[in-house]
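Okay, structure first, notes after.
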Amino acid sequence: MRWSNLFVPTLREAPAEAEVASHQLLLRAGFIRQLHSGHYSLLPLGLRVHDKVADVVREEMDAIGAQELLLPAMHPAWVWEQSGRWTAMGDEMFRLTDRKGADVALGMTHEEVIAFHAREIHSYREVPQIWYQIQWKFRDEPRPKSGLLRVREFAMKDSYSLDIDDAGLDHAFDLHHKAYTRIFERMGLPAIAVEASSGAMGGSASVEFMVPSAAGEDDIVRCQNCGYAANVERAVAVVPPVADPPGGVLEQFPTPGIRTIAALAAAEAEAPPHRQIKTMVYALDGQITLVLLRGDHELSEQKLLDNTGASTVRPAGAEECVAALGASPGSLGAVGVSDLPVLADGALAGRSNLTTGANVDDFHYRGVDIERDIVVSEWLDLRQVRHGEPCTRCGKPLELLRCIETGHIFKLGRRYAEAFETTVMDADGAPRTLTMGSYGIGIGRAVAAVAETHHDERGLCWPVSVAPYEVAVVPLADRDGTVGEVAERLYDELRDLGVEVIIDDRDARPGVKFSDIELVGIPYRVTVGPRGLANDEVELTERATGETINVGIAEAAARVRAARDAALTAL
RNA sequence: CGGGCUGUGGCGCAGCUUGGUUAGCGCGUUGGUCUGGGGGACCAAAGGUCCCGGGUUCAAAUCCCGGCAGCCCGACCA
């Protein structure tokens, strides 16, 4: 490719709407442009990287025996009704109506469609199967953000395993786990596999692949010592026991104007946050429920959902609190509450001499013994783990890391196959419902994650495996034509050697060329100038390190290929 | 859905408070001369529904009302 023919509109300054590094750099380097919120066009260089990421994914999927297919992006409503997700997906699904008035949807994922086609599997002899596609997904995200990191229309590699029993599913899950590890390694992403919540997908287990980055939207907990890692939505930690002072008589006392844990702690020497009970009121599938935590702990709403089996959760409004308990938030408590479910976090078990709201505005109780004074319907893990808390496996401090979720794998079980009556005959001639797994990687998000983790002050810095071009040949000032001649020859040689090369044939000053090539992030640069040519040499510069070496013209192309091959092998 | 910020040539911004020449500046773009190993200099030029609609006014980028769009925080989210 010749730079002069390439559409690569680079910008000197980042557009104001871009905040995170990957978004700014992908815009500045001319890889992407926004059409509207959550919808991006991939420009030629952006598409090349996108394609390379997709190719890495393809190779590793093929390597575990997965078969590529391509499913429609637009689905009839009935397949979603069949699984119950036509309503469950809510506003996140794009829906439209065809000319006959029939409801159709743009696919957010393809479990239903897979289960539908899998009905053509009739015998246990035909499984296991792993099917995958790289195809466009549409999700009406409430808040698209950060460039390619969260969008409403994106390419996803989604694969689905079909097995006759749990052992088969476990095996398919394990194959994907290993393939994903390879995929992220190959594109230079330091992904951490973590235990995750399955959310609306359902199923028995799921693992997310998380790339540490401040631009991410998820928090994980990791133990450097023993390797425990989990999304905070699931993570557990040791809570060191608290020795409550003995005694404590249940007693109401006035607390005028005190509405928060912090305010009560400041006013009462005997009520530091860890000796208070935080009482929150939630509507769980519509049922008003009290949720109790230690005063200094934070609730994880995802744990509340996962550990109660509820499908929706929302904080109750102030009016609902008054109606249910007779007091406003700030004075709420569970003492004496018997007509509402009370869920308590395990960290409160056995605690006594605590302080909590009295369900009378401007009054609290002191001397509360939780097991004596509160009717707890259920003890659950509800608290969010904090940085530095001890690991439950080895006791060493956990670290909290902000991450980008680049992949997620699920053991789904039989839910979808049951909905579609996807059964096969087993060896005994009895019908058996297939068990499924589903496994996703967002291609565009992976591109952004690589950009997020591979850049410097000069611009992007792609790993060779996903770089838009592997090397740029840069001819400098060319008075007598020899520079151009050598550069063109190198360009031809590199192409003959199978190296992806671009030649910067613009009539531009060296600084402009160097800056653009560094911004775009091409891993190697061969600079051809009169200085080197005087010694029959050109310069080979590595983008990542900035290191430059002089190499003879005759060996330059081979050196580039060798460097490229070595880098690919190392990944 | 709640909160905040912002919409002015391709990009970054000023002007708006206190309405009033021809709407400016930097970068980029085009042509020219010079220059030629890190975004060079000079000369000339093109490029604008000041987000949209309505209102106030002799007069609106500027004030008022209503929309729309984008971004950020939170909620939500496979």
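We name chains A, B, ... by the order of the sequence lines, and we start the count at 1 in each one.
- Ring geometry for A/Phe173 versus A/Tyr439: interplanar angle of 30 to 60°, hence tilted.
- Spacing between atom CD of A/Glu298 and atom P of B/G74 amounts to 13 Å, rounded to whole angstrom units.
- At the heavy-atom level, A/Arg33 lies nowhere under 4.0 Å from the strands shown.
- Nucleic acid contact for A/Arg506: none, since no nucleic acid atom lies under 4.0 Å from a heavy atom of the residue.
- Across all strands shown, A/Glu233 has no heavy atoms under 4.0 Å from either base or sugar-phosphate atoms.
- If you check every strand for non-hydrogen atoms under 4.0 Å, A/Asp516 touches a base.
- Going from the P atom of B/G7 to that of B/A44 covers 32 Å, rounded to whole Å.
- Seen from the ring of A/Phe154, A/Arg445 does not count as a face-on cation partner, given the 6.0 Å and 45° thresholds.
- Residues passing the ring-ring contact (aromatic ring centres under 6.0 Å, His included) test with A/Phe31 are A/Trp462, sequence neighbours excluded.
- Taking the C1' atom of each, B/U33 and B/U17 are spaced 47 Å apart, rounded to whole Å.
- In A/Asp480, the CG atom is crowded: over 12 heavy atoms of neighbouring residues, nucleotides or ligands sit closer than 6.0 Å.
- Remark: the separation of the P atoms in B/U22 and B/C11 is 27 Å, to the nearest Å.
- Taking the P atom of each, B/C51 and B/A69 are spaced 16 Å apart, rounded to whole Å.
- Atoms CG (A/Leu299) and P (B/C76) sit 10 Å apart, rounded to a whole Å.
- Residue A/Thr422 holds its OG1 atom at 11.0 Å from NE2 of A/His117, rounded to the nearest 0.5 Å.
- We find that NE2 of A/His36 is positioned 15 Å from P of B/C68, with the value rounded to whole Å.
- When the nucleotides B/G39, B/G37, B/C73 are ranked by their closest atom to the side chain of A/Ser515, B/G39 comes out on top.
- A/Glu537 contributes atom CD, which lies 12.0 Å from atom CG of A/Leu540 (distance to the nearest 0.5 angstrom).
- What separates CD of A/Glu405 from P of B/C76 is a distance of 16 Å, to the nearest Å.
- Contact check, A/Gln302 against B/C76: no side-chain N or O comes under 4.0 Å of OP1 or OP2.
- A distance of 4.5 Å separates OG1 of A/Thr279 from CG of A/Leu292, quoted to the nearest 0.5 Å.
- When each of A/Met156 and A/His23 is assigned the nucleotide of RNA chain B bearing its nearest heavy atom, the one mapping closer to the 5' terminus is A/His23.
- Separating the OH atom in A/Tyr524 from the CZ atom in A/Arg543 is a distance of 13.0 Å, to the nearest 0.5 Å.
- In this structure, the nucleotide among B/C77, B/G38, B/G37 sitting nearest to the side chain of A/Glu141 is B/C77.
- Taking atom C1' in both B/G15 and B/U6, one finds a spacing of 16 Å when rounded to whole Å.
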Scoring nucleotides 1-12 of chain B by protein non-hydrogen atoms under 4.0 Å (B base, S sugar-phosphate only, - none) yields ----------BS
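- Rounded to whole Å, the P atom of B/A75 lies 48 Å from the corresponding atom of B/U57.
- When the nucleotides B/G37, B/G39, B/C77 are ranked by their closest atom to the side chain of A/Glu92, B/C77 comes out on top.
- Residue A/Arg314 is out of contact with every strand shown, counting any heavy-atom pair closer than 4.0 Å.
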- Please lay out, stage by stage, how A/Arg525 and A/Glu539 fare under the test salt bridge (Lys or Arg N to Asp or Glu O under 4.0 Å). CA-CA 8 Å; A/Arg525 186 180 83 206; A/Glu539 288 159 28; 5.2 Å; no
Sort me out a list of protein N/O and nucleotides 33-35 of chain B N/O pairs below 3.5 Å, or just none if empty.
unit_1 : atom_1 : unit_2   : atom_2 : d
B/U35  : O2     : A/Arg509 : NH1    : 2.5

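- Using a 4.0 Å heavy-atom cutoff across all strands shown, A/Gly407 reaches no nucleic acid atom at all.
- Between A/Glu457 atom CD and B/G38 atom P there is a gap of 18 Å when expressed in whole angstrom units.
- The CG atom of A/Leu434 sits 15.5 Å away from atom OH of A/Tyr416, with the distance rounded to the nearest 0.5 Å.
- Residue A/Arg152 contributes atom CZ, which lies 15 Å from atom C1' of B/C76 at whole-angstrom precision.
- Each of A/Leu519 and A/Met108 has a nearest nucleotide on RNA chain B; the 5'-most of these lies closest to A/Leu519.
- Between the CZ atom of A/Arg28 and the P atom of B/C27 there is a distance of 16 Å, given to the nearest Å.
- Across B/G9 and B/U30, the matching C1' atoms stand 15 Å from one another, rounded to whole Å.
- The CD-C1' distance, from A/Glu301 to B/A75, rounds to 8 Å in whole Å.
- Note on ring orientation: taking the six-membered ring where Trp is involved, the planes of A/Tyr40 and A/His23 are perpendicular (angle over 60°, cut-offs 30° and 60°).
- Classification of the A/His39-A/His36 ring pair by plane angle, with boundaries at 30° and 60°, yields parallel.
- With hydrogens and angles left out, the side-chain atoms of A/Ser161 and A/His176 include no donor and acceptor closer than 3.5 Å.
- Remark: A/Ala235 pairs with A/Val221, A/Tyr228, A/Ala230, A/Val385 by the side-chain contact (heavy atoms from CB on, under 4.5 Å) rule, at least two apart or across chains.
- When the side-chain nitrogen and oxygen atoms of A/Ser37 are compared with OP1 and OP2 of B/A69, none of them lie within a distance under 4.0 Å.
- Stems are defined here as 3 or more consecutive Watson-Crick or G-U wobble pairs with pairing distances under 3.5 Å; those involving RNA chain B are B:1-7 with B:68-74, B:10-13 with B:24-27, B:29-34 with B:40-45, B:51-55 with B:63-67.
- Regarding contacts with the backbone of B/G70, every side-chain N or O of A/Lys145 stays at 4.0 angstrom or more from both OP1 and OP2.
- Nucleotides B/C43 and B/C50, compared at atom C1', are 30 Å apart to the nearest Å.
- Within residues 535-554 of chain A, the residues having any heavy atom closer than 4.0 Å to RNA chain B are, in order of number, A/Glu539.
- A heavy-atom distance below 4.5 Å is found between the side chains of A/Leu189 and A/Val450.
- Ring planes of A/Phe138 and A/Phe94: perpendicular class, angle over 60° (limits at 30 and 60°).
- For the residue pair A/His408 and A/Ala196, the shortest heavy atom distance occurs at NE2-CB, 3.7 Å.
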